[in-house]
Amino acid sequence: MNIGKIVQIIGPVIDVEFGQGGLPGILNALKIKFKDEGKDAVLTAEVAQHLGDNTVRAITLGATTGLSKGLDVEDTGAPVMVPVGDACLGRLVDVLGEPKDKFGPIKTE
């Protein structure tokens, strides 16, 4: 796993520093696990720019409330992906492909 640390938060934009040689690619999805009002939460961000010094700038796909400097950020190694196919027909999903219709997970191949 490629893990970085948040070094700056500016509204929906975060800067994340990774180790030497571990810079994620542009458009890679990043996952941030944190506590939001005492509950476990996961926020997804998308790499938008390489800043140099092993740092990337990413746009979060949700509210940054509860984030802080120093939190671990995981590079998924892939872009944001959403399920497709017959299993999605008639289902309500958000921009990340998470079901919002209370019918449980979407089972795709």
Side-chain angles (χ1 to χ4, degrees):
M1 282 197 314
N2 189 16
I3 304 292
K5 299 270 186 197
I6 295 177
V7 293
Q8 181 169 258
I9 304 167
I10 309 167
V13 178
I14 60 171
D15 292 348
V16 182
E17 185 176 8
F18 287 87
Q20 188 68 29
L23 205 60
I26 301 285
L27 301 180
N28 272 17
L30 306 175
K31 297 283 185 180
I32 308 150
K33 295 178 183 175
F34 65 103
K35 294 279 188 190
D36 186 22
E37 296 180 4
K39 297 178 183 175
D40 290 334
V42 177
L43 180 63
T44 302
E46 184 177 61
V47 176
Q49 183 179 17
H50 290 156
L51 298 176
D53 295 329
N54 299 313
T55 304
V56 298
R57 180 156 289 161
I59 309 298
T60 60
L61 302 174
T64 56
T65 306
L67 292 186
S68 62
K69 289 182 181 181
L71 280 177
D72 286 344
V73 178
E74 178 187 349
D75 174 21
T76 65
V80 174
M81 291 191 268
V82 177
V84 296
D86 290 339
C88 297
L89 293 175
R91 298 293 305 268
L92 176 66
V93 297
D94 65 10
V95 70
L96 299 172
E98 299 294 325
K100 296 298 178 187
D101 55 11
K102 299 183 181 164
F103 289 121
I106 297 174
K107 296 179 179 136
T108 59
E109 297 175 12

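All values below were derived from every heavy atom in this structure, side-chain atoms included, with hydrogens, water molecules and symmetry-related copies excluded.
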For P83 against C88, the heavy-atom pair lying closest together: O-SG, 3.3 Å
Determine the minimum heavy-atom distance between V73 and F18, stating which atoms define it. O-CE2, 4.0 Å
With clusters defined by side-chain heavy atoms of hydrophobic residues (ILVMFWY) lying less than 4.5 Å apart, directly or transitively, does V80 cluster with V95? yes
Does atom CG of D101 have more than 12 heavy-atom neighbours from other groups under 6.0 Å away? yes
Between atom CG of L27 and atom CD1 of I59, what is the distance when rounded to the nearest 0.5 Å? 11.0 Å
Heavy atoms only: give me the nearest P99-P105 pair and the separation to one decimal. CG-CA, 4.1 Å
For the pair T64 (side chain) and P12 (backbone), establish whether a donor and an acceptor sit closer than 3.5 Å, ignoring hydrogens and angles. no
Given side chains that start at C-beta, do those of K5 and D72 come closer than 4.5 Å, heavy atoms only? yes
OG1/T60 to CD/E46 distance, rounded to the nearest 0.5 angstrom? 11.0 Å
About how many Å separate CG of L71 and NZ of K33, when rounded to the nearest 0.5 Å? 12.5 Å
To the nearest 0.5 angstrom, please state how far the CD1 atom of I32 sits from the OG1 atom of T44. 8.0 Å
Are the side chains of F34 and I6 in touch, meaning some heavy atoms are under 4.5 Å apart? no
Indicate the atoms forming the closest heavy-atom contact of I14 with A45, along with that distance. CD1-CB, 4.2 Å
Any side-chain heavy atom of L61 sitting closer than 4.5 Å to one from L43? no
At their closest point, which heavy atom of T76 faces which heavy atom of A29, and how far apart are they? OG1-O, 2.8 Å
Has H50 got a side-chain atom pairing as donor or acceptor with G25's backbone, closer than 3.5 angstrom? no
Please say yes or no: joined through hydrophobic side-chain contacts below 4.5 Å, possibly via intermediate residues, are L30 and I9 part of one cluster? yes
Close side-chain approach of N54 to Q20, heavy-atom, < 4.5 Å: yes
Heavy-atom closest contact (M81 atom, A78 atom, distance): CE-CB, 3.7 Å
Between the main-chain N or O of L96 and the side-chain N or O of D94, is there a donor-acceptor pair closer than 3.5 Å? yes
Between D15 and Q8 (side chain of the first, backbone of the second, donor and acceptor by atom type, cut-off under 3.5 Å), is there such a pair? no
Just verifying a value: how many Å separate D86 CG and I106 CD1, rounded to the nearest 0.5 Å? 12.5 Å
For a 4.5 angstrom cut-off between non-hydrogen side-chain atoms, does Q49 reach V56? no
